[in-house]
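Written below as structure tokens is the structure these notes are about.
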Amino acid sequence: MDYPERYELIFQAGGAEDDVVVVHLTARSGAGGYPVYEDETGIVRAEISERSEVRMLASGGHQVLGTPLLARPLGPRTAGHGTG
């Protein structure tokens, strides 16, 4: 199955706007057999199913994992057009 190259993970924030983290496809698979995505820092990691179901994965000790409100698939990054 072909999976999107990138997703926006949207987390509810305490302020006026939600937090949005862009994650990209890696070569790894999670425990559920779905691809693992991570942000550019490698800190935010998630296993995302073909139905956009998200399982957050710890990238370090003592990490508190939040659950995103939404995982929105994105197309491939286009050169010269930033990260969005």
Side-chain angles (χ1 to χ4, degrees):
M1 168 160 209
D2 288 333
Y3 289 94
E5 290 184 35
R6 300 182 307 142
Y7 274 91
E8 282 183 331
L9 300 181
I10 302 167
F11 297 87
Q12 187 172 13
E17 295 185 25
D18 294 333
D19 285 333
V20 178
V21 178
V22 176
V23 293
H24 61 272
L25 185 63
T26 69
R28 296 184 301 274
S29 294
Y34 299 110
V36 171
Y37 290 78
E38 66 181 31
D39 73 341
E40 290 184 8
T41 67
I43 294 171
V44 177
R45 290 184 187 160
E47 178 181 8
I48 305 176
S49 77
E50 71 274 357
R51 294 184 307 237
S52 297
E53 298 166 323
V54 179
R55 179 187 319 192
M56 297 303 295
L57 306 171
S59 61
H62 306 292
Q63 190 174 16
V64 177
L65 302 175
T67 302
L69 299 171
L70 177 67
R72 183 178 13 225
L74 299 173
R77 187 181 325 192
T78 304
H81 289 89
T83 59

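We're numbering straight along the sequence, starting at 1.
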| said: So does Arg45 get a backbone contact from the side chain of Ser59, meaning a donor-acceptor N/O pair under 3.5 Å? | reply: no
| Does Tyr37 use its side chain to pair, donor to acceptor, with the backbone of Pro4 at less than 3.5 Å? | yes
| For the residue pair Phe11 and Gly66, what are the closest heavy atoms and their distance? | CE2-O, 3.6 Å
| field | Sequence neighbours excluded - ring pair (Phe, Tyr, Trp, His ring centres under 6.0 Å) pairs with any residue from residues 40-64 | value | none
| query | For the hydrophobic clusters of this structure (ILVMFWY residues joined by side-chain heavy atoms under 4.5 Å, transitively), does one cluster hold both Leu69 and Leu57? | reply | no
| field | Gap separating the OG atom of Ser49 from the OH atom of Tyr3, nearest 0.5 angstrom | value | 7.5 Å
| To the nearest 0.5 Å, what is the distance between CZ (Arg55) and OH (Tyr34)? | 9.0 Å
| query | Just by distance, do the side chain of Glu47 and the backbone of Ser29 share a donor-acceptor pair under 3.5 Å? | reply | no
| said: Please give me the minimum heavy-atom distance between Pro35 and Leu25, naming the atom from each residue. | reply: CB-CD1, 3.4 Å
| query | According to a 4.5 Å side-chain heavy-atom criterion applied to Ile, Leu, Val, Met, Phe, Trp and Tyr, with indirect links allowed, do Met56 and Tyr7 form part of one hydrophobic cluster? | reply | yes
| said: Going by side chain to side chain contact (heavy atoms under 4.5 Å, CB included), Pro68 matches just one of Val54, Val44, Val23. Which one? | reply: Val54
| Are any of the side-chain heavy atoms of Leu9 and Asp39 separated by less than 4.5 Å? | no
Going by atom type alone, with no hydrogens or angles, which donor-acceptor pairs under 3.5 Å involve a side-chain atom of residues 12-22 and a protein atom two or more places apart or on another chain?
none

